[in-house]
Amino acid sequence: MEVLSPVGSREMLVAAVRSGADAVYLGAGDFNARRGAENFDTEQLKNAVDYCHIRGVKVYLTLNIVVRDDEIAHAVNLARNAESFGVDGVIVQDLGLAEILKTATPNLPLHASTQMSVQSESALPLLKEIGFKRVVVARELSEAALLRICNKAKELDLQIEVFVHGALCMCVSGQCMLSSMLGTRSGNRGLCAGTCRLPFSARGKADDYALSLKDLSLIKHLKKLKEMGVSSLKIEGRMKRPEYVAIATAAVKAAANGEDYGEKDALLQSVFTRSGFTDGYFVDKIGADMFGIRTKDDVLKTKDVLPKIHSLYRNERQSVGIDITFFAKENEPVKLTLCDTENSVTAVGEVPEKAQNRPTDSEAVKTAICKLGGTPFFARETNICLDKGLFISAAAINALRREAVEKLCLSRCKRRQNEEKILLPPKSNKAHKKAGFIISVQNEAQLQQIKDFSGVYAIIVPAHAPFKPKAKVKTFIDILGGIKNEEIILNQLKKAKELGICGAVAHNLAHISLCKQVRLEMLGGVGLNVYNSFTAEKLNNLGVETLTLSPEMHIKNAREIKTRGQTVLFAYGNLTLMTVRNCPIKAQIGCERCGKRAKLTDRTGKQFPVLCDGNFARVLNCLPIYLADKGEDTKDFDYHLLSFTGESGEEVAEILSLYAAANQKPADFPFTRGLYYRNVE
């Protein structure tokens, strides 16, 4: 199994490679999920790739954020540079960008980012069809769920990459909007502020951290991962220290090789921990034990172990075996040939002299040509062809060796040619009419308020408690953004179809596959992260004709999305900030004390409602988005989504009247404009 290490700077790169990484992943420019790391400019990227390839280490470029239409060309140009430098793969979140790269950079293998929310096996056929070679699965998977994915991947000849150590997101991978809504710094855009590490409480305590999980560690489970067929063991940490990268790499490498990793694991726990590590998701034991924060004791431990860890990457690691042939014949130039598995280089010296006193012998030659300290190479086999009676100075042999090593290094630096291609955004010739409404409700009391409301295109009801559809109005079930077991989703979809419900809200690729399997219509949910016209076009091609645009977009960018399908604007409601498998309410106070309107309180006293369907919980924003008085800005969308969660029937009626009014006006209750008028970084 490949050991894949995080790199956010040149020092981290050296630390990873010298500590045993088989591959590294890194970002360049502003199109990666760790924009706060030092990262690499174009020239630094080229040098980093050369450094790694000389040492037999692969390099994967992270282009794993969602991008706007006006950014697509820049992202593609970065990928083209990476392809020409010989980068071994590109990690992508944005479906539209992936579709373009498939043809724009055909020699650059596509890896599906963990931000694509691959939680179950039904996503894999679509990813294969799109052109992905590897899938980085979600971090919240149980062993059973991962096994199902691995078995499906074997059928499709897809590689599976698994996070085995590092920070855990509280939210389902790729579905978090907590950082952007509270601080306009988006994880989907590469600038997550780690807002979940701040105090949140289900019991009103100021020192509770209800959304902060311990770091993941699956090191003791690597044998199981190997048996499943996992290809790559990924370490999180591009924002951490080089020492962390070094010891994490060394520990995972030792465990992957079946060696004793106990001492390295102890050092790893000292260099960075949040009150210990957790494997709770993998062993399917979720709860309060999975939560933790970085304490003063954790910080003090770090200072004590840093000098010891430095020894791991102080010196060059000789990891590339080469065959060496030395050729010295009378009246012919001396030659030294170095061969690795793919390359062969030869350095040519002077014609050797006849020995006046002591001739050069084979042992002296062997000693000189095998002096490879300070290089990444070690002698695998040596073959010396040396005529008797010749003299070759040690200086001449050393110079020949240095020249040959330099040539081999150059040969190991891959370069590719690519062609410039012009990008054209999808065209849309649609004539917009007055926007209709899609209304999401949680109960019958809310549903009853809609019966006399005009302009309703569709109603969305909960999947775990679907209502009978309203006459002449489409009804969809919301299967949320989390998948614990596909059988649960399939049963919900089948039950909905039996009730006469026409479709479901699809928040990820697996949902799309499952809806197709049951032959239900699809309404694209917020979880699909539709941020540009290319993604919209790709999802249309996959059968999702009606798409909810990302609420993280500025309204002017949302209005510029071009698609032959229909666009939906999230126009009212408490936006889901997190979909979580480990419910913070259950972990802190238990389900029996939860109540129907459970809430988390932050350090400022704001309250965030939490909804639960028994399998996953949703943390909602503290205020509802309200856009009824922004008619001029919202007129270009086909539908407005009004999402009701904890509102009473009377409150629903009031909201509907505001959106139906001819002279729409601001509401007289607390609300937010969301991110539509703020520039998300």
Side-chain angles (χ1 to χ4, degrees), residues 114 117-120 136-150 160-176 178 194 196-197 200-203 208-228 230 233-237 248 251-252 255 261 265-266 268-269 272-295 298 480-485 488 578-592 594 598 600 610 612-619:
T114 189
S117 303
V118 179
Q119 308 164 54
S120 63
V136 190
V137 296
R139 275 173 268 201
E140 62 275 3
L141 297 179
S142 66
E143 180 182 346
L146 179 57
L147 179 59
R148 290 192 292 269
I149 289 175
C150 287
I160 295 298
E161 182 175 301
V162 175
F163 277 96
V164 296
H165 193 86
L168 269 180
C169 295
M170 180 68 183
C171 182
V172 167
S173 300
Q175 304 290 306
C176 184
L178 184 70
C196 55
R197 304 297 179 186
F200 286 86
S201 179
R203 50 196 173 194
D208 273 348
Y209 292 85
L211 298 177
S212 180
L213 294 174
K214 295 176 180 176
D215 278 16
L216 168 73
S217 179
L218 299 183
I219 293 178
K220 64 183 178 182
H221 300 294
L222 298 193
K223 184 178 179 182
K224 287 184 178 179
L225 298 184
K226 185 175 182 179
E227 292 169 352
M228 289 182 189
V230 169
L233 308 173
K234 190 169 195 172
I235 301 165
E236 183 277 338
V252 173
Y261 61 90
D265 194 42
L268 181 53
Q269 293 195 45
F272 193 93
T273 183
R274 289 185 172 93
S275 307
F277 298 140
T278 181
D279 61 357
Y281 283 142
F282 187 77
V283 299
D284 211 12
K285 292 182 179 178
I286 58 177
D289 288 344
M290 286 185 64
F291 292 82
I293 59 170
R294 187 106 167 112
T295 65
D298 296 329
L480 303 183
I483 303 176
K484 184 177 180 181
N485 188 317
I488 297 172
M578 282 186 167
T579 298
V580 299
R581 185 180 164 203
N582 194 349
C583 177
I585 306 296
K586 180 179 179 181
Q588 285 204 337
I589 64 175
C591 292
E592 63 280 358
C594 175
L600 288 175
V610 179
C612 180
D613 69 355
N615 292 302
F616 286 83
R618 289 191 291 158
V619 180

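The first residue in the sequence is number 1, and the count goes up from there.
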Requested in this report: Drop me the distance from Leu600's CG to Met578's CE, to the nearest 0.5 angstrom.
Outcome: 9.5 Å

**Report entry** Interatomic distance, Leu225 atom CG to Glu143 atom CD [nearest 0.5 angstrom]
**Finding:** 8.5 Å

Query raised in the report: Side chain of Asp613, backbone of Asn615: donor and acceptor closer than 3.5 Å?
Result: yes

Query - Where Ala210 and Met170 come nearest, the two heavy atoms and their spacing - result: O-CE, 3.9 Å

Query raised in the report: Does the side chain of Arg618 pick up a donor-acceptor pair with the side chain of Thr579 at under 3.5 Å?
Result: no

Query raised in the report: Will you find, in the side chains of Asp279 and His221, an N or O donor that is under 3.5 Å from an N or O acceptor?
Result: yes

Report task. Compare all side-chain heavy atoms of Lys586 with those of Ile286 and state whether any distance is below 4.5 angstrom. Result -> no

Query raised in the report: About how many Å separate CZ of Phe163 and NZ of Lys234, when rounded to the nearest 0.5 Å?
Result: 4.0 Å

Query raised in the report: Do the side chain of Asp208 and the main chain of Phe200 share a donor and acceptor less than 3.5 angstrom apart?
Result: no

**Report entry** Least distance between heavy atoms, Gln175 atom then Ser117 atom
**Finding:** NE2-OG, 3.0 Å

Query raised in the report: Any idea which heavy atoms bring Cys583 and Ala617 closest together, and the distance?
Result: SG-CB, 3.9 Å

Query - Minimal non-hydrogen separation, Arg197 against Ala167, with atom names - result: NH2-CB, 4.0 Å

Report task. Might you work through the side chain to side chain contact (heavy atoms under 4.5 Å, CB included) test for Leu216 and Glu236, ending with a clear yes or no? Result -> CA-CA 9 Å; Leu216 168 73; Glu236 183 277 338; over 6 Å; no

Report task. Check the pair Cys171, Leu178 against side chain to side chain contact (heavy atoms under 4.5 Å, CB included), reporting the backbone distance first and the verdict last. Result -> CA-CA 9 Å; Cys171 182; Leu178 184 70; over 6 Å; no

Query raised in the report: Hey, does Glu140 have a side-chain heavy atom less than 4.5 Å from the side chain of Val172?
Result: yes

Query raised in the report: For the side chain of Gln588 and the backbone of Ala202, is there at least one donor-acceptor N/O pair under 3.5 Å apart?
Result: yes

Query raised in the report: Just wondering, do Ser217 and Val164 contact through their side chains at under 4.5 Å, heavy atoms?
Result: no

Query - Residue that, paired with His165, satisfies ring-ring contact (aromatic ring centres under 6.0 Å, His included) out of Phe277, Phe272, Tyr261 - result: Phe277

**Report entry** Spatial distance of atom CG (Leu233) from atom CG (Leu218) [nearest 0.5 Å]
**Finding:** 9.5 Å

Report task. Would you verify whether the NZ or CZ of Arg581 falls within 45 degrees of the ring axis of Phe616 while also being under 6.0 Å from that six-membered ring's centre? Result -> no

Query - Audit row: Ile235, Val252, side chain to side chain contact (heavy atoms under 4.5 Å, CB included) steps and yes/no - result: CA-CA 8 Å; Ile235 301 165; Val252 173; 3.9 Å; yes

Query raised in the report: Can you check whether Ile585 reaches Cys612 side chain to side chain, under 4.5 Å on heavy atoms?
Result: no

Report task. Please confirm whether Arg274 makes a cation-pi placement over Phe291, using NZ or CZ under 6.0 Å from the six-membered ring centre and within 45° of the ring normal. Result -> no

Query raised in the report: Can you check whether Leu213 reaches Asn582 side chain to side chain, under 4.5 Å on heavy atoms?
Result: yes

Query raised in the report: Can you check whether Thr273's main-chain N or O pairs, donor with acceptor, with Arg294's side chain at less than 3.5 Å?
Result: yes

**Report entry** Shortest non-hydrogen contact between Ala587 and Gly287, atoms and distance
**Finding:** CB-C, 4.2 Å

**Report entry** Any Thr278 side-chain heavy atom under 4.5 Å of Asp289 side chain
**Finding:** no

Query raised in the report: Hey, what do you get for OG (Ser173) to CZ (Arg139), rounding to the nearest 0.5 Å?
Result: 5.5 Å

Report task. Give the intermediate values and the outcome of side chain to side chain contact (heavy atoms under 4.5 Å, CB included) for residues Leu141 and Phe282. Result -> CA-CA 6 Å; Leu141 297 179; Phe282 187 77; over 6 Å; no

Query raised in the report: Could you state the interatomic distance from OG (Ser142) to OH (Tyr281), rounded to the nearest 0.5 Å?
Result: 11.5 Å

Report task. For the pair Gln119 (side chain) and Ile483 (backbone), establish whether a donor and an acceptor sit closer than 3.5 Å, ignoring hydrogens and angles. Result -> yes

Query raised in the report: Hey, does Ile219 have a side-chain heavy atom less than 4.5 Å from the side chain of Asp265?
Result: yes

